Amino acid sequence: YNFGLEACARSAQAGVAIDLREGMQSKGMKPNEYSFSSTITACARSGQWELAVELLEEQRRCGGPPTPHSFNAAIGACARARQPDRALALIDIMWATGVGVNVVSYSSAINACARVGDWEKALLLVSDM
C-alpha cells in the first residue's frame, strides 16, 4: 500500500491516495508514518491544504508522531494556499512536540508569508533559523 500511496503523492492524486488509505484500513491495516506522509504529500501537491492539515492532525491523534516530512508537506500546502498563519502554527507545533524543524520547514513558512506580502513575519522567521 505504501508504494501505491507514494505513487499518488508523486502524481498529486489526493483522491486516489485517500481511497487507497481507506481501503488499507478496511482490511485491518493501520497506516504508518509513511502512509500518512505520502497521503499528506498527495493532498499538498493537489492543492488540498485543509485536507493535508487534517490528515496531519489525524496522524498526531492516532498514527503516531508525524515526521518532519509530514509537517513540511502540510506547511508547503499552506504556503501554496496563502495561509501563513496556519503554516506558522504548524511550525509552533513542531517546536512544541520536539519534531525537528529544519530548513525546509522554515523555507516553506517564509514562502507562505511572502505570498501574502507579510515581509515582517518572513524576516522574523529568517532570524529564528
Side-chain angles (χ1 to χ4, degrees):
Y1 280 92
N2 285 340
F3 288 116
L5 290 168
E6 178 63 26
C8 291
R10 289 179 187 266
S11 56
Q13 296 296 316
V16 177
I18 296 293
D19 291 344
L20 188 58
R21 197 176 70 89
E22 288 174 358
M24 176 183 177
Q25 290 176 296
S26 72
K27 292 184 179 181
M29 293 180 255
K30 185 178 177 183
N32 61 21
E33 63 188 63
Y34 301 106
S35 310
F36 274 104
S37 180
S38 293
T39 308
I40 291 167
T41 299
C43 293
R45 289 183 177 166
S46 65
Q48 297 185 41
W49 73 272
E50 292 168 311
L51 188 52
V53 171
E54 183 180 310
L55 285 165
L56 183 68
E57 292 299 323
E58 181 183 336
Q59 183 178 7
R60 290 182 62 218
R61 283 192 314 274
C62 58
T67 63
H69 187 267
S70 293
F71 269 102
N72 291 341
I75 293 168
C78 292
R80 284 188 289 284
R82 298 175 181 256
Q83 299 292 322
D85 291 335
R86 193 62 182 130
L88 295 172
L90 293 175
I91 292 278
D92 289 342
I93 292 169
M94 290 178 81
W95 279 114
T97 58
V99 175
V101 180
N102 56 36
V103 173
V104 175
S105 313
Y106 276 112
S107 295
S108 294
I110 290 166
N111 184 30
C113 295
R115 285 178 177 246
V116 298
D118 195 343
W119 59 271
E120 292 167 323
K121 281 184 186 173
L123 289 179
L124 284 174
L125 286 168
V126 169
S127 69
D128 284 348
M129 290 178 73

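Because the structure is a prediction, the values reported are computed rather than measured.
Side-chain heavy-atom separations under 4.5 angstrom define the hydrophobic clusters, and Leu124 shares its cluster with no other residue. Apart from Phe3 itself, the hydrophobic cluster it occupies contains nothing, where clustering links Ile, Leu, Val, Met, Phe, Trp and Tyr at side-chain heavy-atom distances under 4.5 Å.
For the pair Arg21 and Phe36, the cation sits on the ring face: its NZ or CZ lies under 6.0 Å from the ring centre, inside 45° of the axis.
Side-chain contact between Pro84 and Val116 is present, with at least one heavy-atom pair separated by less than 4.5 Å. The shortest side-chain heavy-atom distance between Asn102 and Asn72 falls under the 4.5 Å cut-off.
A single hydrophobic cluster is seen to contain both Leu88 and Val126, as judged by linkage of ILVMFWY side chains at heavy-atom distances under 4.5 Å, directly or through other members. Residue Ile40 is not grouped with residue Leu20 when hydrophobic side chains (ILVMFWY) are merged at heavy-atom distances under 4.5 angstrom, including chains of intermediate members. Side-chain heavy atoms closer than 4.5 Å link hydrophobic residues (I, L, V, M, F, W, Y) into clusters, and following such links, possibly through other members, connects Ile110 to Ile93. No chain of hydrophobic side-chain contacts below 4.5 Å, direct or via other Ile, Leu, Val, Met, Phe, Trp or Tyr residues, connects Leu125 to Trp119. By the criterion of side-chain heavy atoms lying less than 4.5 angstrom apart, applied directly or through intervening Ile, Leu, Val, Met, Phe, Trp or Tyr residues, Met94 is grouped together with Met129 in one hydrophobic cluster.
Between the side chain of Arg115 and the main chain of Arg82, no donor-acceptor pair closer than 3.5 Å is present. Checking side-chain atoms of Arg60 against main-chain N and O of Pro66 turns up no donor-acceptor pair under 3.5 Å. At least one donor-acceptor pair closer than 3.5 Å links the side chain of Ser26 to the backbone N or O of Gly23.
Residues satisfying the side chain to side chain contact (heavy atoms under 4.5 Å, CB included) test with Asp128, not counting sequence neighbours, are Tyr106. Remark: Ser35 pairs with Asn2, Leu5, Met24, Pro31, Asn32 by the side chain to side chain contact (heavy atoms under 4.5 Å, CB included) rule, at least two apart or across chains. Listed by chain and number, the residues in a side chain to side chain contact (heavy atoms under 4.5 Å, CB included) with Ser11 are Gln13 (sequence neighbours excluded). Not counting sequence neighbours, the partners of Ile18 by the side chain to side chain contact (heavy atoms under 4.5 Å, CB included) test are Glu22, Thr39, Cys43, Leu51, Leu55.
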Worksheet item: Are Glu50 and Glu54 close enough, and set up right, to give a side chain to side chain contact (heavy atoms under 4.5 Å, CB included), and what steps lead you there?
Response: CA-CA 6 Å; Glu50 292 168 311; Glu54 183 180 310; over 6 Å; no
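Nearest approach of Ile75 to Ala109, heavy atoms of both residues: CG2-N, 3.7 Å. The two residues Lys30 and Cys62 make their nearest non-hydrogen contact at CE-O, 3.2 Å. Annotation for Ala74 and Leu90: closest pair CB-CD1, 3.9 Å, computed over non-hydrogen atoms. Here the shortest heavy-atom pairing between Gln59 and Pro65 reads NE2-O, 3.8 Å. Taking each heavy atom of Ala9 and Ser38 in turn, the nearest pair found is CB-O, 3.3 Å.
No hydrogens or angles considered: nothing links the side chains of Asn111 and Ser108 as a donor-acceptor pair under 3.5 Å.
For the atom pair CD of Gln83 and SG of Cys113, the computed distance is 11.5 Å after rounding to the nearest 0.5 Å. Summarising the geometry, atom OG belonging to Ser46 is positioned 9.0 Å from atom CZ belonging to Arg80; distances are rounded to the nearest 0.5 Å. Atom CD of Glu6 sits about 7.5 Å away from atom OG of Ser37, to the nearest 0.5 Å. Here the straight-line distance linking atom CH2 of Trp49 with atom CZ of Arg86 works out to 7.0 Å at 0.5 Å rounding.
Within a 6.0 Å sphere centred on OH of Tyr34, heavy atoms belonging to other residues, nucleotides or ligands number 12 at most.
Ionic pairing of Arg61 and Glu58 is not present here: no N-O contact between side-chain nitrogen and carboxylate oxygen is shorter than 4.0 angstrom.
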